[in-house]
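Working notes, structure below.
Both counts, for ligands and for their atoms, begin at 1 and track the order of listing. As the structure is a prediction and not an experimental result, all values here were calculated from the model.
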Amino acid sequence: MKLGHIAAACLSLALGTSALAQQPTVLKIGYATSKESHYGVGSTVFCDEVEKGTQGRFKCQHFANSALGGEREQIEAIQLGTQDLVNTSTGPVGNFVPEVKIVDIPFLFRDYDHARKVMDGPIGQDILTKFPSKGIIALAWTENGFRHMTNSKRDIVKPSDAAGLKMRTMENKVHMDGYRTFGILPTPMAFPELFGALQQGTVDGQENPIPVILASKFSQVQKHLSLTGHVYSPALLLLSPKVWNKLSDADKKVFVDAAKKAAVAQRKKVNDDENNGIAQLEKDGMKVTKVVDGAAFREALKPAYAGYAKEFGADNIKKITDVQ
Ligand code: EAX
């Protein structure tokens with residue numbers, strides 16, 4: 001090699017090293033739906049705020065549309081440190097952190113105000129402290145939304161209409177116990193498999209919030225939508241301890257504050273989708289049942305509530321329903 005070439009090689013090596021020192025740490029963030037959906041909106045705000053707050057030392061690579069797998073798989077990857085962040089529903093989370101299960105009880109929350117107040121108040125914040133001992137850092141509650149039923153067979157006004165329908169549920173025992181009292185045949189399945197299962201008729205229906213039904217284009221494979229709002233679906237922004245443990249205290253604060261801003265943006269998108277998305281789904285051909293017999297669903301759920309009271313404590317459930 002000529003001297004000039006060696007000098008050039010040394011120069012490029014030196015430049016390469018200095019460029020490397022300034023390279024931001026790229027965090028992999030995953031979620032179930034598109035980058036334009038509620039999860040994408042919240043995740044984008046989080047990442048922008050982190051990038052700003054750390055002067056560009058951290059940035060994100062987004063893996064939307066379940067590109068990193070189902071929510072259970074992504075949470076496992078967070079524990080292992082092979083994935084940095086996930087913006088996930090609580091669907092599978094109770095299998096990792098049992099204290100979360102109580103907020104998955106059907107008809108526990110009256111409305112969005114009630115749910116958000118509980119999650120942001122002492123009860124919700126206390127649940128977040130249970131994550132680190134399970135190898136997960138919970139930065140904030142985000143949101144998926146109140147879940148509604150869709151199916152390919154008929155309108156659902158009351159539990160007897162839902163009875164006998166094979167419905168995909170999340171891998172969530174609290175939900176499944178409740179839905180069985182409606183007469184539904186719950187079929188737990190990871191979300192990435194759901195569209196195909198609906199298309200092929202492996203299941204008759206599913207239940208998800210409006211933002212998910214919209215983003216996943218379930219109108220292409222489901223005729224009937226009933227606004228059952230039978231359970232609130234909280235979501236969480238989870239971080240791997242492998243990342244967290246290396247952060248300075250100042251950076252930790254940047255991450256937590258960014259997650260809070262993400263939650264605000266994600267909830268706003270949920271509101272927007274609730275307000276505008278139903279008309280869109282009708283336009284897309286869905287038949288929407290807007291008035292359902294909520295009292296009949298609550299009545300049907302009574303045996304499941306006896307089980308919930310035993311598992312979680314009637315007083316703990318009351319503490320949540322008492323929040324005004
Ligand atoms: O988190 O699995 C589900 O039905 C979830 O609601 C969805 O993936 C978004």
Could you check if a side-chain atom of [X] sits within less than 4.5 angstrom of a side-chain atom of [Y], using non-hydrogen atoms only?
X    : Y    : answer
K260 : V256 : yes
L225 : F218 : no
T228 : E207 : no

Per-pair distances, ligand 1 N/O vs protein N/O, less than 3.5 Å:
residue	atom	partner	partner atom	Å
ligand 1	1 (O)	Y39	OH	2.7
ligand 1	1 (O)	E71	OE2	2.6
ligand 1	2 (O)	R168	NH1	3.4
ligand 1	2 (O)	R168	NH2	2.9
ligand 1	4 (O)	R147	NH2	2.9
ligand 1	4 (O)	R168	NH1	2.7
ligand 1	4 (O)	N208	OD1	3.2
ligand 1	4 (O)	N208	ND2	3.0
ligand 1	6 (O)	N144	ND2	2.9
ligand 1	6 (O)	R147	NH1	2.9
ligand 1	6 (O)	R147	NH2	3.4
ligand 1	6 (O)	N208	OD1	2.6

With N151, the side chain to side chain contact (heavy atoms under 4.5 Å, CB included) member among L198, D161, L165: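 Output: one option passes, namely L165.
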With sequence neighbours excluded, residues passing salt bridge (Lys or Arg N to Asp or Glu O under 4.0 Å) with K28: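 In terms of salt bridge (Lys or Arg N to Asp or Glu O under 4.0 Å), with neighbours along the sequence ignored, K28 is linked to no residue.
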In Å, rounded to the nearest 0.5 Å, how long is the span from CZ of F107 to OH of Y232?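 So the gap between those two atoms works out to 16.0 Å.
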